[in-house]
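Owing to the predicted nature of the structure, the values given are computational and were not obtained by experimental measurement. First listed ligand is number 1; within each ligand, the first listed atom is number 1.
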Amino acid sequence: MSRQIRFNAFDMNCVGHQSPGLWAHPRDKSWKYKDLDYWQDLARTLERGIFDGVFIADVIGYYDVYKGSNYHAIEQAAQIPVNDPLQLAAPIALATEHLGIGITASTSFEHPYTFARRLSTADHHTKGRVGWNIVTSYLESGAKNIGQGGLRRHDNRYEVAAEYVEVLYKLFEGSWEEGAVQRDRDRRIFTDPSKVHEIGHKGKYFEVPGYHLSEPSPQRTPVLYQAGASGPGKTFAAGHAECIFVAAPTKSVLKHYVADIRQRIAAAGRDPKKVFIYTLVTIITDETEEKAQKKFEDYKSYVSYDGSLTFMSGWSGIDFGQYAPTDVVERIETNAIHSFVEHIAGGDKSWTIDELAQFGGIGGMGPVFVGSSERIADILQEWVEDTDVDGFNIAYAVTPDSFEDIVGHIVPELQKRGAYPTAYKPGTLREKLFGDGPYLPVNHPANDFRDIEAVKRREAETVDASLPLKSVGA
Ligand SMILES: Cc1cc2nc3c(=O)[nH]c(=O)nc-3n(C[C@H](O)[C@H](O)[C@H](O)COP(=O)(O)O)c2cc1C
């Protein structure tokens with residue numbers, strides 16, 4: 001049997017997402033992002049195509065690195081205006097039965113205590129179909145508007161993220177025992193207080209002494225997504241993520257990444273096959289090669305050069321507006337996405353500014369595959385076979401056309417080849433993906449926090465042991 005390929009849709013609660021300028025295409029409907037009907041229609045299309053999920057990216061902040069200004073970001077709607085992603089979870093769940101809903105939220109800007117309740121609420125409302133894409137953020141403008149002065153250093157952001165998820169694991173996994181909610185009318189006991197625990201967290205960055213406010217949701221900890229690609233980012237992803245996103249411009253970059261991350265997952269004591277890796281692509285397809293190519297040429301004529309470099313500058317932290325189009329991108333130490341700078345200035349290809357603008361104009365830093373359904377299916381199968389990636393995180397050129405084309409052309413072709421699912425598995429998102437139970441498996445670090453009273457005793461002993469001995473007579 002052919003190796004199974006998984007699809008995930010990559011979107012954002014904004015206009016044009018990663019295809020700057022294509023909002024002006026007459027068929028693009030992304031300007032309707034403010035309407036719930038628009039999201040529900042899209043979700044139904046994706047569910048028809050048995051996509052694992054729709055993944056809603058998010059940034060707090062705006063792209064003001066290019067030419068030192070946010071003018072082009074605002075003019076070209078480059079991820080501004082952008083609405084809150086978590087509020088899409090419930091309406092999408094109401095319109096669908098199976099589709100996973102991955103929501104991005106940053107560990108840099110919101111306190112874990114309030115975020116834990118927002119996430120549990122979404123897991124309740126979706127009956128366990130929500131996932132959390134854990135990001136650490138890269139836009140200085142976001143940090144400044146939250147009153148932090150500026151972003152923490154890149155590696156320190158991952159240190160904060162590690163403590164952030166620990167607080168969440170304590171709240172989701174440890175605070176409320178199984179069976180705490182009794183709803184016992186005869187004994188007039190709704191919740192048994194002896195089964196609800198304070199988490200007693202006192203760390204370097206956060207202090208959360210008390211109880212989780214929500215009762216346990218269907219998955220307790222929602223499915224964890226992550227996209228770390230720097231050294232500390234990959235270590236974090238390997239330790240925590242159940243689904244990993246990667247943006248690799250070429251097959252060789254992807255192959256190297258997948259091998260590296262699977263090795264790190266095994267080193268973290270987890271099963272590398274039980275973590276799904278999705279690589280970013282955009283697919284432009286039609287009934288024939290000629291029609292697909294024509295569509296691509298049409299789309300390209302709408303790309304905004306400044307909009308594309310606005311994203312590239314924001315992701316890398318390098319102002320590409322200060323160079324000529326023929327200049328070659330050089331490695332500069334920045335505080336934005338380290339791995340992105342490594343790809344474009346240290347990978348197996350050197351990039352001019354113009355090439356970067358053209359490449360990133362449709363679908364960001366993933367490749368664009370153009371062709372008939374047979375040709376695209378060949379390419380997807382080849383990428384999966386050659387790189388060991390599990391599936392594709394699919395960005396759009398224009399929406400919903402790009403997704404409808406995939407559901408109409410590519411999915412049936414892959415199904416015909418036995419390389420794509422024909423139905424969803426039952427249960428929560430975690431069960432649909434991995435088939436085991438609704439909760440994180442026992443070899444996941446969250447498991448360490450299920451017996452929260454034991455955790456508190458352990459932590460108290462560690463603190464006692466690290467205290468200086470009192471001098472005699474003190
Ligand atoms: C497909 C994909 C989607 C991403 N989505 C977001 C996002 O929505 N918000 C965000 O702040 N970062 C996002 N990132 C950036 C990652 O969180 C991370 O910073 C990046 O992959 C680089 O890793 P590094 O920080 O370890 O260098 C995304 C990355 C990829 C590959």
Side-chain angles (χ1 to χ4, degrees), residues 7-14 17-18 53-63 79-80 82-86 88 102-110 131-143 146 151-162 164-165 224-241 243-249 253-254 257-258 260-261 264 276-282 311-312 314-317 331 333-347 360 363-367 389 391-396:
F7 280 174
N8 192 84
F10 190 33
D11 211 323
M12 188 160 171
N13 201 353
C14 69
H17 189 200
Q18 293 210 347
V54 54
F55 159 44
I56 317 283
D58 190 43
V59 291
I60 300 286
Y62 32 77
Y63 290 75
Q79 299 183 3
I80 181 169
V82 56
N83 278 349
D84 180 14
L86 194 52
L88 294 178
I103 300 295
T104 300
S106 175
T107 54
S108 291
F109 299 139
E110 181 175 351
W132 171 33
N133 177 37
I134 309 168
V135 300
T136 53
S137 295
Y138 50 84
L139 293 175
E140 289 289 344
S141 57
I146 282 168
L151 274 180
R152 291 176 180 277
R153 302 303 303 165
H154 176 273
D155 293 5
N156 181 235
R157 297 201 291 271
Y158 279 108
E159 197 184 312
V160 174
Y164 197 101
V165 294
L224 299 172
Y225 295 77
Q226 221 271 327
S230 59
K234 280 188 281 198
T235 303
F236 184 90
H240 299 276
C243 297
I244 295 179
F245 294 122
V246 54
V253 170
L254 180 62
Y257 177 87
V258 173
D260 182 16
I261 200 91
R264 288 174 192 249
F276 292 144
I277 305 171
Y278 300 79
T279 193
L280 178 64
V281 294
T282 306
F311 282 141
M312 299 294 158
W315 293 330
S316 63
R331 189 192 292 247
E333 184 70 29
T334 74
N335 194 29
I337 302 181
H338 281 185
S339 50
F340 182 70
V341 180
E342 280 159 28
H343 283 335
I344 57 173
M365 273 314 278
V389 78
F392 298 90
N393 184 32
I394 304 175
Y396 64 81

Looking only at distances, please establish whether an N/O atom of ligand 1 is found under 3.5 Å from an N/O atom of A229. yes

Return a yes/no value for T136: is any of its N or O atoms, backbone included, closer than 3.5 angstrom to an N or O of ligand 1? no

Nearest protein heavy atom to [atom], by residue and atom, and its distance?
{"atom": "atom 13 (C) of ligand 1", "result": "V135 CG1, 3.8 Å"}
{"atom": "atom 22 (C) of ligand 1", "result": "I337 CG2, 3.0 Å"}
{"atom": "atom 27 (O) of ligand 1", "result": "S339 OG, 3.0 Å"}
{"atom": "atom 3 (C) of ligand 1", "result": "F10 CZ, 3.5 Å"}

Please name the pair of heavy atoms, one in V389 and one in I277, separated by the smallest distance, quoted to 0.1 Å. CG2-O, 3.3 Å

Are the side chain of [X] and the backbone N or O of [Y] linked by a donor-acceptor pair below 3.5 Å?
{"X": "Y225", "Y": "T104", "value": "no"}
{"X": "R152", "Y": "R157", "value": "no"}
{"X": "E140", "Y": "L151", "value": "yes"}
{"X": "Y396", "Y": "H17", "value": "yes"}

Element-labelled atoms of ligand 1 that are located less than 4.0 Å from some non-hydrogen atom of [X]:
{"X": "A247", "value": "31 (C)"}
{"X": "N393", "value": "1 (C)"}
{"X": "A57", "value": "8 (O)"}
{"X": "G228", "value": "23 (O), 26 (O)"}

Which residue from [options] reaches closest to [atom] through any of its heavy atoms?
{"atom": "atom 24 (P) of ligand 1", "options": "Y138, F55, F245, Y158", "answer": "Y158"}
{"atom": "atom 8 (O) of ligand 1", "options": "I244, D58, N8", "answer": "D58"}
{"atom": "atom 18 (C) of ligand 1", "options": "A227, S230, A161", "answer": "A227"}

State, without any angle test, whether S137 and S108 hold a side-chain donor-acceptor pair at a distance under 3.5 Å.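 No, no side-chain donor-acceptor pair sits under 3.5 Å.
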
Could you work out, with salt bridge (charged side-chain N to carboxylate O under 4.0 Å, His left out) as the rule, every residue matching R264, not counting sequence neighbours?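 Scan of R264 (salt bridge (charged side-chain N to carboxylate O under 4.0 Å, His left out), adjacent residues dropped) gives D260.
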
Residues forming a salt bridge (charged side-chain N to carboxylate O under 4.0 Å, His left out) with D155, sequence neighbours excluded: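 With sequence neighbours excluded, D155 shows a salt bridge (charged side-chain N to carboxylate O under 4.0 Å, His left out) to no residue whatsoever.
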
Residue part near ligand 1, for H154, under 4.0 Å between non-hydrogen atoms: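 The part of H154 near ligand 1 is the side chain, not the backbone.
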
Any side-chain heavy-atom pair from Y158 and S230 closer than 4.5 angstrom?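 SC-SC contact between Y158 and S230 confirmed.
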
